[in-house]
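In what follows, chains are A, B, ... by sequence order, proteins preceding strands, each numbered from 1.
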Amino acid sequence: MSQVITRFAPSPTGHLHIGGARTALFCWAFARRSGGRFMIRIEDTDQARSSEESARGILEDLAWLGIEWDDGPTLEVGSLSEASRPGAADASEKRGARVIGADARPVGPYFQARRVPIYTRYLRQLVQHGRAYPAFETSEVLEAQRKAAVAAKQTYRYDRASWKAITTPIDRLAAMDKADREGRPYVIRFFAPHEEIIVHDQVLGDVKYAAGEMDDFVIRKADGFPTYHFAVVIDDELMGVTHILRAQEHLNNTPRHVALQKALVIHPDDAAPGRPAGSPFRTPIYGHMPLIFNMDATKMSKRDKAKAARKAAKDAIAKDRSITAATLAAATGLDEKLIADFLAAENDSLDVAARLAKHFKVTLPEVEVWDYRQNGYLPHAITNFLSLLGWNPGLKTEDGKDLEKFDNAFLAAHFAIDRIGKTNAKFDRNKLLSFNADAIAALSDEQFASSWMDWMRQYEPEAHSTISRLAPAQLLTLARALKPRAKTLRDALRPAAFALTGDDDFAFEPAAVEKNLSANERAGLKLLAEFKPRLEAIADAGWTPESINTTIETFAKEKGMPNAGPVAQPLRVALTGTSVSPGMAETLAVLGRASTLKRIERCLSTVGR
RNA sequence: GGCCCCAUCGUCUAGCCUGGUCCAGGACGCCAGGUUCUCAUCCUGGAAACAAGGGUUCGAAUCCCUUUGGGGUCACCA
């Protein structure tokens, strides 16, 4: 058989959904495994909802995940995070800009909105062949009919009134031309064949649809754009797609696509070597993948964010009656009516959701790749976890456990359709978090430092500029201290708090002070004062985690302490203001000799007054 | 409601195709211990599932049927 070609065809109506990312990943992996090509096509036939920004965002997220396409729109990527993508960093990438995507075969354009002339000729072909027809009913009329049918507990079917009204292909074409001239809107419907359709699904097996199940669905909208069903069939044929892996929600669409493929032939304008005009459309190989749900079994959706933000706002309002849309508008800088509508569930604005979440200090559920990226997840942790949702390599590690940890290259080498599962999966954010923590732990200190800095530069610029002032050795020490304490890159901000604050800018927590400094007649303070000269005795050049650790241990031993705790805790409070922080050796080393002594003095003088 | 798909621990899953080695294995989470200067990491142990009922068979998580449960889809959205 000819070369395998798979595609991912997102609709650019928002960010890349986590489920879409898995679809793309599997299509990519299958193409790679088969030595084929992976293609991206942008399905922007919904004029109202599509946007170029979101198309670009989706491409960027895919590239970030390491899912790169051979055919499709081009995307220039800057210097991606090297350390977080081991194996992906070649010389050209390090030099800077690089372009993903091209039209080498060529079969573009890859934006459906630019392919309207192509769809039009096939639309006319179908009408000409008596397999489609213009329909002039308005959607209002049809909606009324549909409602009546539902009320009568009947399955609604379009009654083919327009098919019956004009009886020959020539008259239908003429009617279309006339309507076009007069600017009168109409749709084109496919004349559904009365025959059984069998879909040979590689995941689910043969799925049969009885004759008469299909209705005359619309293939061209009144605005002149094709519907999804039509565009997808035309494009997959013309773009040479051989395998279609998509979510199970599309399973019931497949008979429509198969029926269209049976009705269509190659138009003279699209004739190509081996595909002469008149040759019938081919049916690609289908595989429908299980769906991904939230842990509470609801469908994962952008709306989850709106719901969460709305709930947070309503909970707050229930507690404090003085909060209204007006006060929220003042606090968030948003329009009052927008907020009122949002609260009344009249809109699900993501912008409102984000601002309310920030205002009420709640975390919105992560449903898009972008959310995870922003929150400090590593791309290969995400793709690794996603790989396991509905697929499994079926291999064991040396110690007999299921092989779960692998990278994109492994997936590309081992992916097989016959190991795709049939059962829907719930998205366990906990397990993803654990995968991310493991991925972070697996980074070298250098890699962690570089990934963390990259991430901060984009999402926490203030922290980035502060940490940038550290010497390279200090940064590595900090990285070592942070790594086991961070499940995400964002997580590392908390244990790094001591390094992000100025020597005089943090407060000493009363509870920590009481327990570790004031208790037992200020035992902690006395110890701290006694220990300070030991630190002063360390020369600037010898200020390393090792020497600091030795100093602490030695001092504790001299004092006859069972361990270094009694020394470390007062020190910890003095340097960080809290009783929780990374190890003292690392903390002091990152702070440096001067800051350390300054903080101890400040503690002694403020707390020990 | 019509049509279609699915069914192993709370969750992701291995095992199912090619019945016996499965009183069902791993991972996440959870619980209990241990290491440690706090927190975290790390280590050890534990609880936890074949939806139900019929068959077929010497033998069924594995094959068949029914029931139940879950999901998808029925747009001029993809």
Give [X] one of three labels, base, sugar-phosphate or nothing, depending on what nucleic acid heavy atoms sit under 4.0 Å from its own.
X: A:T45; answer: sugar-phosphate
X: A:F217; answer: nothing
X: A:M584; answer: base
X: A:D399; answer: nothing
X: A:H288; answer: nothing
X: A:T576; answer: nothing
X: A:S139; answer: base
X: A:F385; answer: nothing
X: A:V218; answer: sugar-phosphate
X: A:A425; answer: sugar-phosphate
X: A:K405; answer: nothing
X: A:G394; answer: nothing
X: A:R49; answer: base
X: A:D201; answer: nothing

[N] and [M]: how far apart are their [atom1] atoms, nearest whole angstrom?
N: B:C42; M: B:A78; atom1: C1'; value: 47 Å
N: B:C63; M: B:G20; atom1: P; value: 11 Å
N: B:A51; M: B:C4; atom1: P; value: 23 Å
N: B:U62; M: B:U57; atom1: C1'; value: 13 Å
N: B:G46; M: B:U56; atom1: P; value: 40 Å
N: B:G26; M: B:C43; atom1: P; value: 15 Å
N: B:G34; M: B:U11; atom1: P; value: 32 Å
N: B:U18; M: B:G29; atom1: C1'; value: 35 Å

Report task. Please report the closest heavy-atom contact between A:F111 and A:A55, naming both atoms and the distance. Result ->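 Shortest heavy-atom contact: CE2-CB, 4.1 Å.
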
Requested in this report: Check A:S581 against A:T587 and note the closest heavy-atom contact, atom names and distance.
Outcome: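 Minimum heavy-atom contact is OG-OG1, 4.0 Å.
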
Query raised in the report: Relative to A:F225, does A:R115 satisfy both conditions: NZ or CZ under 6.0 angstrom from the six-membered ring centre, and within 45 degrees of the ring's axis?
Result: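 No, A:R115 does not lie over the aromatic ring of A:F225.
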
Requested in this report: With sequence neighbours left out, write down each residue that passes salt bridge (charged side-chain N to carboxylate O under 4.0 Å, His left out) with A:E553, or none if nothing qualifies.
Outcome: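 Once residues adjacent in sequence are excluded, A:E553 has no partner under the salt bridge (charged side-chain N to carboxylate O under 4.0 Å, His left out) criterion.
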
Requested in this report: Would you grab the first and last nucleotide of RNA chain B (5' to 3') that comes under 4.0 Å of any non-hydrogen atom in chain A?
Outcome: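 First-to-last contact on RNA chain B, by the 4.0 Å heavy-atom rule, is B:C3 to B:A78.
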
**Report entry** Residue that, paired with A:F190, satisfies ring-ring contact (aromatic ring centres under 6.0 Å, His included) out of A:Y158, A:F217, A:F230
**Finding:**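 With A:F190 as partner, A:Y158, A:F217, A:F230 yield a single ring-ring contact (aromatic ring centres under 6.0 Å, His included), made by A:F217.
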
**Report entry** Criterion side-chain hydrogen bond (donor to acceptor under 3.5 Å, both in side chains) against A:H200, the qualifying member of A:T283, A:D206, A:T254
**Finding:**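 Going through A:T283, A:D206, A:T254 one by one, the side-chain hydrogen bond (donor to acceptor under 3.5 Å, both in side chains) with A:H200 is satisfied by A:D206 alone.
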
Query raised in the report: RNA chain B: A:S581 or A:K422, which has the more 5' nearest nucleotide?
Result: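 Result: A:K422.
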
Report task. With RNA chain B as reference, determine whether A:F427 or A:L291 sits nearer its 5' end, using the nearest nucleotide of each. Result ->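 Looking at RNA chain B, the more 5' nearest nucleotide goes with A:F427.
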
Query raised in the report: Going by distance alone, is a donor N or O of one side chain under 3.5 Å from an acceptor N or O of the other, for A:H229 and A:H257?
Result: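 A donor-acceptor contact under 3.5 Å links the two side chains.
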
Query raised in the report: Between A:S54 and A:S50, is there a donor-acceptor pair closer than 3.5 Å when you use the side chain of the first and the backbone of the second?
Result: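 Such a contact is absent between A:S54 side chain and A:S50 backbone.
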
Query - Complementary nucleotide of B:U36, counting Watson-Crick and G-U pairs under 3.5 Å - result: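 By the stated definition (distances under 3.5 Å), nothing pairs with B:U36.
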
**Report entry** Contact list for residues 548-589 of chain A, test ring-ring contact (aromatic ring centres under 6.0 Å, His included), sequence neighbours left out
**Finding:**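 Only A:F531-A:F555 qualify under ring-ring contact (aromatic ring centres under 6.0 Å, His included).
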
